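Small disclaimer: the values here were computed from a predicted structure and weren't measured.
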Amino acid sequence: MPPITRLFIKASLLYLVAAFFVGVILVLRPMYDLPAITAGFSPIYFHLFMVGWVMQLIVGVAHWMFPKWSKTQPRGHDSLALATFWLLNAGLLLRVVAEPAQMVSAWTGWGWLIVASATLQWLAGLAFVANTWPRVKEK
């Protein structure tokens with residue numbers, strides 16, 4: 001298994017645990033009456049689960065299992081794969097901070113940080129497509 005794939009899969013497993021933790025907080029929220037603190041946790045749970053766990057697992061396995069691109073670069077450009085990893089995770093972590101903060105703070109910058117996080121995740125998607133597209137071919 002390539003090191004980049006291991007990086008994606010291990011990060012995805014950490015996000016799975018984080019999503020479960022946030023899910024438990026969401027379930028226990030009514031018992032502790034903390035709506036202001038946990039107001040932004042529903043979208044965070046969704047993003048940790050779908051982007052953090054599911055998407056990273058898919059990207060990591062796709063990087064490993066898709067047909068080889070060439071003999072010299074069997075998995076495409078490692079720099080694009082690493083860019084995918086770092087852009088995706090930077091965007092996700094920024095979202096994890098900015099989304100709940102926007103719910104409890106009047107600062108308009110939180111909304112712009114959410115836009116920045118979405119942009120980083122979109123760029124990660126573009127990097128993944130650019131690196132994977134040449135590997136999707138007929139035999």
Side-chain angles (χ1 to χ4, degrees):
M1 182 181 297
I4 296 171
T5 294
R6 288 195 310 267
L7 187 65
F8 272 108
I9 292 175
K10 286 182 177 183
S12 76
L13 294 173
L14 292 174
Y15 283 119
L16 177 63
V17 171
F20 285 157
F21 178 74
V22 173
V24 167
I25 291 172
L26 286 170
V27 168
L28 297 177
R29 178 174 51 181
M31 292 172 34
Y32 294 103
D33 195 28
L34 300 172
I37 296 172
T38 59
F41 278 27
S42 290
I44 293 308
Y45 170 75
F46 176 79
H47 279 87
L48 286 171
F49 191 77
M50 292 306 296
V51 176
W53 181 56
V54 174
M55 184 173 174
Q56 285 204 93
L57 188 62
I58 290 169
V59 169
V61 171
H63 180 71
W64 176 30
M65 301 296 292
F66 273 35
K68 297 196 182 313
W69 188 30
S70 70
K71 291 204 185 274
T72 57
Q73 291 180 307
R75 293 183 173 82
H77 300 282
D78 285 347
S79 58
L80 272 177
L82 282 172
T84 302
F85 178 81
W86 292 113
L87 289 166
L88 186 66
N89 283 285
L92 182 56
L93 292 174
L94 187 57
R95 181 111 189 193
V96 165
V97 171
E99 189 90 38
Q102 183 187 29
M103 298 290 187
V104 297
S105 172
W107 184 54
T108 58
W110 294 120
W112 287 108
L113 289 176
I114 292 171
V115 170
S117 77
T119 303
L120 289 171
Q121 291 175 346
W122 179 72
L123 290 171
L126 290 179
F128 172 70
V129 169
N131 201 34
T132 307
W133 191 274
R135 296 175 65 186
V136 180
K137 56 188 174 185
E138 293 183 36
K139 272 198 157 190

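Clustering ILVMFWY residues whenever any of their side-chain heavy atoms sit less than 4.5 angstrom apart, transitively, puts M50 in the very cluster that holds L57. Placement of F46 and I58 within a single hydrophobic cluster is found when ILVMFWY residues are connected by side-chain heavy-atom separations under 4.5 Å, directly or transitively. Cluster membership check: L16 shares its hydrophobic cluster with V54, using side-chain heavy-atom separations under 4.5 Å among Ile, Leu, Val, Met, Phe, Trp and Tyr. In the hydrophobic clustering of ILVMFWY residues, with side-chain heavy atoms under 4.5 Å counting as a link, W122 and L120 come out together. Cluster annotation: L14 is not connected to L48 through the hydrophobic network of ILVMFWY side chains, with a link wherever side-chain heavy atoms come within less than 4.5 Å.
Taking 4.5 Å as the limit, every side-chain heavy atom of I4 sits out of range of all side-chain heavy atoms of W64. At a threshold of 4.5 Å between non-hydrogen side-chain atoms, the residues E99 and I114 count as touching. Between L126 and L87, every side-chain heavy-atom pair lies at or beyond the 4.5 Å cut-off. Counting only heavy atoms from C-beta outward, the side chains of M103 and P100 never approach each other to under 4.5 Å. Side-chain contact between T119 and V115 is present, with heavy atoms from C-beta onward closer than 4.5 Å.
Aromatic ring orientation, F20 versus F49: tilted (interplanar angle from 30° to 60°).
Residues N131 and H77 approach most closely at OD1-N, 2.8 Å, considering heavy atoms. In terms of heavy-atom proximity, L88 sits nearest to Q121 at O-CG, 4.1 Å. Taking all atoms of both residues into account, the shortest heavy-atom contact from M1 to I9 is SD-CD1, 4.1 Å. Closest of all the heavy-atom pairs between G111 and Q102 is CA-NE2, 3.7 Å. Residue V22 comes nearest to Y45 through the heavy atom pair CG1-CB, 3.8 Å, listed as atom of the first residue, atom of the second, then distance. G91 and S117 get closest at one heavy-atom pair: O-CB, 3.1 Å.
Here F8 contributes atom CZ and L13 contributes atom CG; the two are 13.5 Å apart, rounded to the nearest 0.5 Å. Distance check, rounded to the nearest 0.5 Å: CG of D78 to CZ of F85 gives 14.0 Å.
Residue pairs meeting the salt bridge (Lys or Arg N to Asp or Glu O under 4.0 Å) criterion with at least one partner in residues 79-93, sequence neighbours excluded, do not occur; the list is empty.
Within 6.0 Å of CH2 on W107 lie more than 12 heavy atoms contributed by other residues, nucleotides or ligands.
Checked by atom type and distance alone, the side chain of R135 pairs as donor or acceptor with a backbone atom of H63 at under 3.5 Å. S12 contributes no side-chain N or O that, together with a main-chain N or O of Q56, makes up a donor-acceptor pair within less than 3.5 Å. Side-chain atoms of T5 come within 3.5 Å of backbone N or O of G60 as a donor-acceptor pair.
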Derivation and outcome, side chain to side chain contact (heavy atoms under 4.5 Å, CB included), residues Y15 and L93: CA-CA 10 Å; Y15 283 119; L93 292 174; 3.6 Å; yes
Worked verdict on V96 versus H47 for side chain to side chain contact (heavy atoms under 4.5 Å, CB included): CA-CA 8 Å; V96 165; H47 279 87; 5.9 Å; no
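For the side-chain contact (heavy atoms from CB on, under 4.5 Å) criterion with T84, the lone passing option out of V129, N89, V59 is V59.
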